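A short write-up of the structure that comes next.
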Number of protein chains: 2
Amino acid sequence: MAVCELISNNGFDAVTVARTAATAGISVGLVQHYFRTKDEMLLHAFHHVSTHVRHRIDKRIQAGIEHRRPIARVLAAGMAELLPLDATRRTEFRVMRAFAGRALDVPALAEVDIETARALRADIARAVRNGKECGEVEPDLDPWPAAVRLAAVTDGLALQVYRDPDGVQGIPAKELTSSILDAELGATFTGQCRQYDSRKDRP
Amino acid sequence: MAVCELISNNGFDAVTVARTAATAGISVGLVQHYFRTKDEMLLHAFHHVSTHVRHRIDKRIQAGIEHRRPIARVLAAGMAELLPLDATRRTEFRVMRAFAGRALDVPALAEVDIETARALRADIARAVRNGKECGEVEPDLDPWPAAVRLAAVTDGLALQVYRDPDGVQGIPAKELTSSILDAELGATFTGQCRQYDSRKDRP
DNA sequence: GCGATAACCGTACGGCTATACCGTATAGCC
DNA sequence: GGCTATACGGTATAGCCGTACGGTTATCGC
């Protein structure tokens with residue numbers, strides 16, 4: 001959408017109704033026809049990009065499941081999708097981050113932000129539960145602290161990578177993040193999968 | 001400063017030169033006398049609040065060192081200072097986050113953001129090195145990946161706590177974060193300090 | 001075919017903003 | 001005493017923004 005294009009190219013402040021209309025190649029009046037106010041437009045854009053990222057991750061996870069990969073590896077691939085390791089994910093991160101910044105003041109945006117984060121956390125918790133069933137995770141482990149930790153690590157690593165895209169102290173970002181993510185997952189997924197019914201992972 | 005007060009009370013968009021002057025009880029002209037442009041004013045405010053937080057953490061760490069606590073525990077206290085677990089830290093987090101959001105578009109703000117993060121990471125890395133010297137950390141461990149991981153966990157946990165201040169699934173935020181931080185530190189600080197018996201500091 | 005509804009454009013307007021500018025006063029220095 | 005720099009207040013202005021509004025074309029059920 002035009003809003004995201006403007007944000008990633010010229011920053012959030014550059015997003016005006018007139019400019020958005022120009023970017024999309026339509027008139028101001030038509031924008032108003034679809035969105036009564038500017039806030040409504042921004043909310044829609046945030047929702048749009050959030051679900052877009054989410055679907056991309058879901059697709060990646062589905063692919064991993066169909067290849068019958070271990071849950072830990074599927075999860076690692078999904079979480080890596082949130083790290084700004086290439087240009088695409090980097091602009092995506094910029095846009096998401098800009099919206100999250102505004103969400104501090106606009107409750108409607110905050111709701112989307114919180115809901116997105118909650119959904120991600122719930123997905124991770126479900127993956128841990130699945131891991132318990134198939135033997136990758138110890139049976140008497142509470143999935144939620146692990147989910148919070150893994151979600152936090154993903155968020156935090158994304159920030160670190162964004163700020164230092166070239167890595168730290170000569171260690172490339174890709175190696176750094178993948179080794180950290182593997183270690184974090186290894187703290188929870190300690191065993192190997194016995195058998196696993198992939199149908200349970202579907203939403 | 002008046003800028004931070006406005007941000008935390010009314011959001012970043014409410015920060016105008018006129019309103020800032022009114023909040024500070026001075027005239028617009030005087031603000032212009034000190035800061036040639038609004039951006040300059042914001043940059044100064046960001047720098048101000050960043051160093052303020054940093055000094056608070058440093059004080060906390062210094063206190064821990066003087067009490068001869070294990071490095072891991074000193075570090076835990078310092079990192080917890082960045083989590084929005086009470087009203088003070090929450091508004092501080094809001095302000096820092098608002099600036100970080102603008103930093104996506106304003107290079108001068110981004111520089112402060114990056115520099116602050118780098119300094120925190122360097123401090124953690126130094127703590128790990130100190131841990132190696134005194135026996136809390138294995139001698140042949142690279143401090144930087146550990147520092148990146150711990151910094152990322154802190155950032156990420158702060159986000160989680162901000163979004164869900166009451167915790168997750170009935171687990172209070174304070175317990176959740178402290179157990180996660182302890183586990184993360186425990187992954188690096190595996191030994192006990194030779195010089196001091198840390199058992200009396202343990203719960 | 002025709003009325004209604006939706007898609008679409010252009011512009012006018014009131015409000016807010018950053019900032020340039022001018023005026024004053026106070027304090028330090030020669 | 002004068003002179004200059006700094007501290008401070010008030011205001012004018014040009015520009016941009018969101019949004020209201022009136023007009024035009026296209027679509028479609030009946």
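Side chains included, hydrogens not; waters and symmetry mates left out as well; all remaining heavy atoms used. Predicted model only: the values in this text are computed from it and were never measured. Chain naming here is simple, since letters A, B, ... match the order of the sequence lines and numbering starts at 1 in each.
- Donor-acceptor pairing under 3.5 Å is lacking for the side chains of B:R90 and B:S8.
- Nucleotides of DNA chain D nearest to A:V28 and B:S27 differ in position, and the one nearer the 5' end is that of B:S27.
- Taking 4.0 angstrom as the limit, B:H33 places none of its side-chain polar atoms (N or O) nearer than this to OP1 or OP2 of D:dC8.
- Distance B:Q32 CD to D:dT6 P: 17 Å, rounded to the nearest Å.
- A:D13 has its CG atom 11 Å from the P atom of D:dG18, to the nearest Å.
- Rounding to whole angstrom units, CD1 of residue B:I26 and P of D:dG9 are separated by 7 Å.
- B:D86 places a side-chain N or O within 3.5 Å of a backbone atom of B:R89 that can act as its donor or acceptor partner.
- In the set D:dC17, D:dA7, D:dG10, D:dA7 carries the atom at the smallest distance from any side-chain atom of B:Y34.
- Taking the 5' to 3' direction, DNA chain C first and last meets chain A under 4.0 angstrom from a heavy atom at C:dA6 to C:dG10.
- With the nearest nucleotide of DNA chain C identified for both B:K38 and B:G29, B:K38 has the one nearer the 5' end.
- There is a side-chain donor-acceptor pair under 3.5 Å between B:Y162 and B:R94.
- A donor-acceptor contact shorter than 3.5 Å is absent between the side chain of B:R149 and the backbone of B:W144.
- In this structure, C:dC30 forms a base pair with D:dG1, meeting either the Watson-Crick or the G-U wobble geometry with both donor-acceptor distances under 3.5 Å.
- Ring-plane geometry between A:F99 and A:F12 is classed as perpendicular, the angle between the planes exceeding 60 degrees on a 0 to 90 degree scale with a lower cut at 30.
- Taking the side chain as every heavy atom from C-beta outward, A:I26 and A:T20 never approach each other to under 4.5 Å.
- Using a 4.0 Å cut-off, some side-chain N or O of A:R19 falls inside it from OP1 or OP2 of D:dC17.
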